[in-house]
Amino acid sequence: MTEIRTEANMNNKRNTVVPSGKDAPIGVFDSGVGGLTVVREIMRQIPNEKIIYFGDTARVPYGSKSQETVTRFSEQIVRFLKTFHVKTIVVACNTASAYAMDALERDCDIPIIGVVKPGARMAAEVTRNGRIGVIATEATIGSQIYTQYIQDLNKNVTIYGKACPLFVPLVEEGLLEDPVTDEIARRYLTELIDIDIDTLILGCTHYPLIRSTLGKIMGPKVTLVNPAYETAQELRRMLDKMNLLNDEPPKLGSNRYQFYVSDKAEKFMTFANSIIKYGILSAKTIHIEKY
Ligand code: DGL
């Protein structure tokens, strides 16, 4: 399973259309608010880019759903994002990256990048004792995708996966620093502390939002890897290589950042404004099942 379609392998595909120009926006999606952690990194690292974000707030969580369902949802979202003539799509959701990437790559005629591969690479680089923990949704852990990618890079590393299904609803409810989140995190993480990991991958894009709680529990000896950071770097490299990096800041009034959701736009917007400091003016609800 590969996550990034390079220009070279795109050219080998029949019916490949030339991606839109430098000025076109980047499409980003997640099951809900988690992908905003990736958006935040893209805004920071490649500030000239326009972004169209979709959060599937009506159908979150993805992590407890089947591969077939997550793939169908992801394909609908890609069709929706393509109506904006995006130049690339970032799957800012580990679950969709684990379950749907193959299908999306097969059918998509623009470059597409997920969050798992960049996160796996970074973890393989930073571990010193070769013991890496991954916390993620049930789907991502069950898919073993992090294990596969990391061991492709280094066979001598051992990966310990732990599904943490309650983190997504806690984050979606805004309980980012709360005794309930603290208690649940302790229960989930104790076994990873006991097996002496030195690196912990936050394998769900919602989890960086409770990073301070997770860091406090794991202690200073454990490096927390946020794949969002590495994904934005990878995106920058890929756009640069394909000569698709926007070299000029978008003009005033060009709708630089647009947010769409499948339900509860107001609630989403309040949340987004609490974690992104760009003054997001609006989020619109759309009917994703139409796509
Ligand atoms: N934020 C997503 C991920 O990275 C999905 C969480 C969910 O919807 O269960 O896996």
Side-chain angles (χ1 to χ4, degrees), residues 1 3 27-42 53-74 76-78 89-101 104 112-120 122-123 133-147 149 161-176 181 184-185 188 200-211 214 224-232 234-235 259 261-264 267-268 271-272 275-276 288:
M1 192 183 287
E3 278 201 71
V28 182
F29 77 89
D30 178 47
S31 60
V33 298
L36 293 172
T37 59
V38 179
V39 164
R40 195 163 60 175
E41 280 303 326
I42 298 172
Y53 182 85
F54 179 78
D56 203 355
T57 48
R59 306 187 292 194
V60 63
Y62 281 10
S64 53
K65 296 189 169 67
S66 67
Q67 178 160 16
E68 197 187 10
T69 299
V70 172
T71 302
R72 183 168 63 82
F73 290 174
S74 303
Q76 286 174 335
I77 298 166
V78 165
I89 290 178
V90 179
V91 184
C93 172
N94 289 263
T95 307
S97 299
Y99 269 176
M101 211 64 199
L104 298 181
I112 181 158
I113 175 170
V115 284
V116 174
K117 207 169 197 174
M122 192 165 194
V134 182
I135 51 173
T137 64
E138 281 171 312
T140 304
I141 296 298
S143 75
Q144 299 262 9
I145 190 148
Y146 273 103
T147 307
Y149 281 154
K162 174 76 185 165
C164 304
L166 290 173
F167 283 164
V168 169
L170 288 168
V171 169
E172 290 281 330
E173 285 309 311
L175 299 173
L176 305 185
T181 308
I184 290 169
Y188 282 146
L200 179 65
I201 302 175
L202 310 186
C204 169
T205 51
H206 283 69
Y207 300 176
L209 296 168
I210 52 168
R211 186 187 182 119
L214 303 174
L224 302 187
V225 170
N226 174 6
Y229 176 82
E230 190 65 18
T231 300
E234 183 94 40
L235 174 66
F259 294 83
V261 290
S262 45
D263 202 6
K264 298 247 189 179
K267 185 177 171 195
F268 174 88
F271 191 97
I275 63 154
I276 290 177
I288 193 66

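Sequential numbering from 1 along the given sequence is applied to the chain's residues. We count ligands from 1, going down the list as the structure has it; atoms in each ligand are counted the same way.
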Handout entry: Side-chain donor or acceptor of Thr181 paired with backbone N/O of Leu175 under 3.5 Å
Key = yes
Handout entry: Distance-only polar pair, side chains of Ser262 and Asp56, donor-acceptor under 3.5 Å
Key = yes
Exercise for the section: Kindly write out the residues that satisfy salt bridge (charged side-chain N to carboxylate O under 4.0 Å, His left out) with Lys267, not counting sequence neighbours, or none if the list is empty. Expected result: Glu173
Exercise for the section: Would you confirm whether Tyr229, through its side chain, and Glu41, through its main-chain N or O, come within 3.5 Å as a donor-acceptor pair? Expected result: no
Fill in the blank from the handout: Taken in chain and number order and not counting sequence neighbours, the residues that satisfy ring-ring contact (aromatic ring centres under 6.0 Å, His included) with Phe73 are Tyr62
Fill in the blank from the handout: At a 4.0 angstrom heavy-atom cut-off, ligand 1 is contacted by Asp30, Ser31, Val60, Pro61, Tyr62, Gly63, Cys93, Asn94, Thr95, Thr137, Val168, Cys204, Thr205, His206
Problem - salt bridge (charged side-chain N to carboxylate O under 4.0 Å, His left out) partners of Glu230, counting only residues at least two apart - result: Arg237
